[in-house]
Engineer: 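One structure follows; several queries about it will come next.
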Amino acid sequence: MDRPLLSLRTTLVFLLALLAGVTAGGLTALAGEGTPRGLLAGLAATGLAVPFFNRLIDTESSGSQQREHAGADGGEGEGNG
């Protein structure tokens, strides 16, 4: 039981999605749409934010592979400056 229930990355994704949902719901309710519509807007924003932040906060291994691959495509070498 030494392992945490959620990884740090998963916790960050859920936290950011929750903040986006609360913000969207609060702004919708403050705009005069009422509490039920604000709640629905917040839930929808949270649901859409989870895959967005999951893709945005990608794992380190795939990010470094993409950078290595981009560097191998050519670009400016030592003599191109």
Side-chain angles (χ1 to χ4, degrees):
M1 294 299 304
D2 292 336
R3 294 183 357 220
L5 182 63
L6 296 172
S7 69
L8 182 62
R9 180 177 174 267
T10 303
T11 305
L12 182 62
V13 167
F14 284 154
L15 177 67
L16 290 173
L18 181 67
L19 288 174
V22 167
T23 302
L27 289 175
T28 303
L30 285 175
E33 294 295 324
T35 304
R37 285 190 180 184
L39 182 65
L40 287 175
L43 289 173
T46 303
L48 291 173
V50 169
F52 172 75
F53 286 120
N54 186 33
R55 190 171 299 159
L56 184 68
I57 305 171
D58 202 5
T59 59
E60 290 180 17
S61 61
S62 65
S64 63
Q65 288 174 355
Q66 289 175 353
R67 279 185 242 125
E68 289 174 6
H69 182 66
D73 286 343
E76 291 189 22
E78 289 181 27
N80 294 341

Engineer: Of all residues at least two apart in sequence or in a different chain, which pass the side-chain contact (heavy atoms from CB on, under 4.5 Å) check with Leu12?
Structural biologist: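 Applying side-chain contact (heavy atoms from CB on, under 4.5 Å) to Leu12 gives Leu16, Ile57.
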Engineer: List for me each residue that meets side-chain contact (heavy atoms from CB on, under 4.5 Å) alongside Leu19, sequence neighbours excluded, and say none if there are none.
Structural biologist: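 Partners of Leu19 by the side-chain contact (heavy atoms from CB on, under 4.5 Å) criterion, ordered by chain and then number, come out as Leu15.
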Engineer: I need the minimum non-hydrogen distance between Pro51 and Gly47, along with the two atoms involved.
Structural biologist: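 Result for this residue pair: CD-O, 3.2 Å.
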Engineer: If you link ILVMFWY side chains whenever their heavy atoms are less than 4.5 Å apart, which other residues fall into the same cluster as Leu18? By chain and number, please.
Structural biologist: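 Hydrophobic cluster check, Leu18: joined to Val22.
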Engineer: Assigning hydrophobic clusters by single linkage (Ile, Leu, Val, Met, Phe, Trp, Tyr; side-chain heavy-atom cutoff under 4.5 Å), is Leu48 placed with Phe53?
Structural biologist: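 Unlinked, Leu48 and Phe53 end up in two clusters.
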Engineer: Would you be so kind as to tabulate the donor-acceptor pairs closer than 3.5 Å made by side chains of residues 27-35, with sequence neighbours excluded?
Structural biologist:
{"residue": "Thr28", "atom": "OG1", "partner": "Ala24", "partner atom": "O", "Å": "2.7"}
{"residue": "Glu33", "atom": "OE1", "partner": "Arg37", "partner atom": "NH1", "Å": "3.0"}

Engineer: Shortest non-hydrogen contact from Ala20 to Ala45?
Structural biologist: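 The pair with the smallest heavy-atom distance is O-CB, 4.2 Å.
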Engineer: Could you work out the complete set of other residues in the hydrophobic cluster of Leu40, with links drawn between I, L, V, M, F, W and Y side chains under 4.5 Å apart?
Structural biologist: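 In the cluster with Leu40 there is nothing else; it is isolated.
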Engineer: Which residues pass the side-chain contact (heavy atoms from CB on, under 4.5 Å) test with Phe52, sequence neighbours left out?
Structural biologist: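 For Phe52, the residues satisfying side-chain contact (heavy atoms from CB on, under 4.5 Å) (neighbours in sequence not counted) are Leu56.
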Engineer: Determine the minimum heavy-atom distance between Thr46 and Gly21, stating which atoms define it.
Structural biologist: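 That would be OG1-CA, 3.1 Å.
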